[in-house]
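Excluded from the calculations below are hydrogen atoms, water molecules and symmetry mates; all remaining heavy atoms, backbone and side chain alike, are included. Chain naming here is simple, since letters A, B, ... match the order of the sequence lines and numbering starts at 1 in each.
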Amino acid sequence: MRLSHYFMPTLREVPAEADVVSHVLLLRGGFIRQLAAGVYSHLPLAQRALLRIRQIIREEMNRIGGQEFHLPAIHPAEVWQATGRWEVMGDNMFRLKDRWGRDMCLGMTHEEVFTSIARNELRSYRQLPQIWYQIQTKFRDEPRPKSGLLRVREFTMKDSYSFDVDRDGLDTSYRLHYDAYCRIYARCGLDYFAVEAHSGSMGGSQSHEFMVRSDAGEDLVARCAACGYAANLEKATNRLAPVADTEPAGPEPVRVATPGQKTIEEIANFLGVPAPNQIKTLVYMVDSKPTLILMRGDHQLNEAKLEAVTGTGLLRPATAEEIVAAMGADAGSLGPVGVQHLTILADEALRGRRNMTTGANATDFHIQGVTPDVHFTAAYHDLRTVADGDLCPGCGAALGVFKSIEVGHIFKLGTKYSDALGATVLNRDGQSVPIVMGSYGIGAERILSAAVEQCHDDKGIIFPATIAPFDVIIVPVSMEDSRLVETADRFYAELRAAGLEVLYDDRPERPGVKFNDADLVGIPVRITLGTKKLAQGLAEVTVRREAKAVDCPVGEVTGRVTAALAALRAEIEARARDIRSLQ
RNA sequence: CGGGACAUAGCGCAGCCUGGUCAGCGCGCCUGCCUUGGGCGCAGGAGGUCGCAGGUUCAAAUCCUGCUGUCCCGACCA
C-alpha cells in the first residue's frame, strides 16, 4: 500500500479516554476508533492484524479436525429458554423483538444453536467425534466496558464445540483444543500460560483459562515459576507453612477484656497474639441465612470458593445489624465458641490448630486458648485466597500472584446442553445417550490487545511478525529526490513480488514524521532510503525490535528483508512447536 | 447497579469559582514560500448550536434543575 492514500490516522497526542497502553497505542496508531462505550470500529490496520490472527486460529482449528461454520448472530428466544439461559444471562444479553413482537436476542455464545444442530442431525456414535467452530461476532452488554478492546460489548470470538459419545472422547477433544490453543497463542507471539479455572455460568467440570500476564488484565492468577503450577485466584490454593502453636493456659478458653480492639491487627498488638494464631470470624448471608466463616487471622476469604462450597451464588457479607441479630455482639468480637444455631464453615488452615484467640461473642471481649474440634466444630473447606509469596501446592516454592488478560477459555461441558435440548445419539449398544460436549472460546481482539500490551516500547507497538498488519515499511527520506523515489519504487515492486505485505511511505513528509509513524504502528522491518547512503549504493534495514539500522547494498535489500522476516517468524514458530501438551 | 469524575474546533486543553470584548491556546488541517535523517521554519487561512432540554437573569460556556453520553473504582467474562 502507498501510505499517501492509505487510511492510517495516527495521533500525536494521547486521547483523554485511554489509560491502558494497548488502548492508547491502538488509538494513536490509527487502528481503532470508538463508536460507543465498548463498541469499536476496526480501521484498516487493525483489520489486517485481526485477519492474520484469525487465520492462525483457523489453521490450528483445522489442524485438530475442526470444521468451520457460520451461525446466526440473531437468535429466537426459544433455544435460550430451553436451557434456562434466557433468564440466567440477565442484562448481559442484548434483547430485541421482531416486527411480530417475538423475543429475539443477539448471540453471546453459541452452545444453544450448535447443540440444536447437533440434536437435529447427529444420530449415531459413528458420526462422532465432531469439532465445530466459527469465527463470529458476539454481543454481550457488559456492565462496565473498559480498557479499549480488552472489555467490550461487541467482539469477534472463535468459538468451538466438541461432540463425543462419552467422557473419554471429551477428554480427547479437550486435550486437542488445549494443545491447539497453545499453538495459537505461541504463533501470535504471545507469552502465555494456562491456568486452572472456575467454570462460571457455562457449567461443566474441568476448565482452563489462557492468560497473558499484564497489569491491564482483570484476572488475578497465582503461578509457580518452579513447577509451572498456575491457577486463577478464584481457584488457586497453597501449601500451608507450619505455624507454631503455643500451650494453652488450661483446658478451657479464657475470656479477656479487649476494650475497643476490633481488628486482627489491634488484637495482635493488644494481646501479643500474632495473626496466624487468631481465628477471624465472618458472618455471611448464604441464601439469606447467616453462616459463620472461620479463617486464620492472616488469611482472606475467597468468595468464589465459598460459592462453590455452599453451592449458591446468593451470598453476601452480613450487615452490622444482621450480625448483632445473629450473634449478639459486634463484628469486632465474634467467635465460634458456643455457637450452636448456625452453620460454621472453616478454612483448612484451622484444622489441627490449638490455643487460638478469637472473639467471645460479647462486644469488647475475646477468648484465648480455643482449640478447633474441642471448643467448637466446623466443616473444613479450602476457603482462603492465595497471596503473593504463599507456598506452591505442587512443589512448595513461592507463588507469584499477578494480573493477567484472559485470552481464551476452554470448558468440559458434559451433558448440560445436550440434556436440556435433547441431543442424543445411539451408542455402540444401541442405547440413546446424551452427547458429551465441550466448549472453547478465544477473543480475537483480546489477542491483538494483549500482543500490544506485551510488545511495545516508548515509541509504540512492536508487533510479532506473525500478526503485524504489514511486514515491511519503505521510508524514503524525501520524495523530492528522484533517485530515492526510483529505488523505493523498485523495492516496493520487488518486495510485493516476494510475497510480502508492504507499506510504502510515499508521503511528502519530513523524515521524523515518517520514522515516528513507522515506530508507532509497529511494523517489524523498515527500509530507510537516504540521499547520502544511496549515493554509495546503500540502503538501511532496521528491525523494529532491535531498533538499530544496518547498511545493506541496494541489490541485496529484498533478500535481507525476506531473511529478517523469516528469522522473526521462525523464532515464533519454534515456540509453537515446543509446547507442552496437557497431561 | 453502587461510588467518583468529566463533557468547549479533528486531537489535547484553558476559560466556569467571581455571569457582561471569552469563543481562546497548542497540535493537526488548507494555501504559499522554505526545509528535508527523528513529529522543521515563516506568512496567510478554514474550522466550534461551548453534550441536550428546561430554568434564573437585562445578559449564561459560566449559576440552578433534569436528561444523555463517556471515563475511572467495585459485582461479570473472550
Side-chain angles (χ1 to χ4, degrees), chain A residues 9-20 23 27-28 30 33-39 53 57 88-93 108-110 135-160 181 185 197-202 207 209-212 217-219 232 234 303-304 307 313 315-317 405-411 439-450 459-460 475-481 484 507-520 526 528-534 540 542 547 549:
Chain A
T10 55
L11 266 23
R12 291 191 187 204
E13 287 176 281
V14 180
E17 74 265 20
D19 67 349
V20 309
H23 192 194
L27 235 24
R28 283 195 56 214
R33 289 294 184 261
Q34 187 179 45
L35 181 62
V39 181
I53 290 167
I57 293 172
V88 171
M89 291 308 189
D91 288 339
N92 263 31
M93 179 179 266
M108 312 175 62
T109 173
H110 281 71
I135 298 172
Q136 192 233 23
T137 307
K138 297 285 185 278
F139 300 90
R140 296 182 185 179
D141 197 357
E142 291 289 337
R144 191 152 93 79
K146 57 185 279 204
S147 307
L149 294 184
L150 282 175
R151 175 158 223 83
V152 291
R153 298 194 293 172
E154 173 179 336
F155 62 99
T156 51
M157 177 159 104
K158 185 291 300 175
D159 49 320
S160 51
Y181 274 40
Y185 302 121
H198 210 64
S199 305
S201 70
M202 286 295 177
S207 159
E209 288 168 328
F210 291 85
M211 295 293 194
V212 169
E218 302 178 82
D219 287 85
N232 193 302
E234 294 175 346
E303 287 195 10
E307 262 183 45
L315 52 83
R316 60 172 174 81
I405 298 166
E406 181 188 355
V407 290
H409 201 159
I410 60 179
F411 304 86
S439 151
Y440 317 85
I442 289 183
E445 292 90 338
R446 279 207 184 158
I447 291 184
L448 175 61
S449 295
K459 292 173 161 39
V475 181
V477 150
S478 165
M479 294 304 288
E480 301 294 306
D481 183 333
L484 289 184
R507 295 175 301 176
E509 292 286 351
R510 295 178 57 83
V513 173
K514 297 186 178 190
F515 295 153
N516 282 316
D517 274 346
D519 288 344
L520 177 61
R526 184 177 95 201
T528 312
L529 279 163
T531 313
K532 292 194 191 96
K533 290 273 174 70
L534 186 61
E540 286 168 10
T542 312

Would you call A/Asp219 and A/Met211 a side-chain contact if the rule is heavy atoms closer than 4.5 Å? yes

Can you confirm whether A/Arg507 sits close enough to A/Met479 that some side-chain heavy atom of one is under 4.5 Å from a side-chain heavy atom of the other? no

Mark this stacking check for A/Phe515 against B/rG39 as yes or no, applying ring centres under 5.5 Å and ring planes under 30°. no

Using 30° and 60° as the class limits, which term best fits the ring planes of A/Tyr185 and A/Phe210: parallel, tilted or perpendicular? tilted

N/O (side chain, [X]) to phosphate O (OP1/OP2, [N]) under 4.0 Å:
| X | N | result |
| --- | --- | --- |
| A/Lys146 | B/rC73 | yes |
| A/Arg510 | B/rC40 | yes |
| A/Gln34 | B/rG69 | no |
| A/Arg12 | B/rC27 | no |

Could you work out which one of [options] sits closest to the side chain of [X]?
| X | options | answer |
| --- | --- | --- |
| A/Pro143 | B/rA75, B/rG38, B/rC76 | B/rA75 |
| A/Phe411 | B/rG38, B/rA78, B/rG39 | B/rA78 |
| A/Asn516 | B/rG39, B/rC77, B/rG37 | B/rG39 |
| A/Thr10 | B/rG39, B/rG37, B/rG38 | B/rG39 |

On a heavy-atom basis, which atom in A/Ala444 and which in A/Ile53 lie closest, and how many Å separate them? O-CD1, 4.2 Å

Mark yes or no for a side-chain to base donor-acceptor pair under 3.5 Å between [X] and [N], with no hydrogen or angle criteria applied.
| X | N | result |
| --- | --- | --- |
| A/Arg446 | B/rC77 | yes |
| A/Asp91 | B/rC1 | no |
| A/Arg140 | B/rC76 | no |
| A/Arg507 | B/rG39 | no |

Nearest nucleotide by nearest heavy atom, which residue falls closer to the 5' end of RNA chain B, A/Thr531 or A/Gly38? A/Thr531

When A/Val513 and A/Val20 are each assigned the nearest nucleotide of RNA chain B, the 5'-most assignment goes to A/Val513

Tabulate protein N/O versus nucleotide N/O from nucleotides 6-11 of chain B, keeping only pairs under 3.5 Å, one per line.
residue: B/rC11; atom: O2; partner: A/Glu13; partner atom: OE1; Å: 3.3

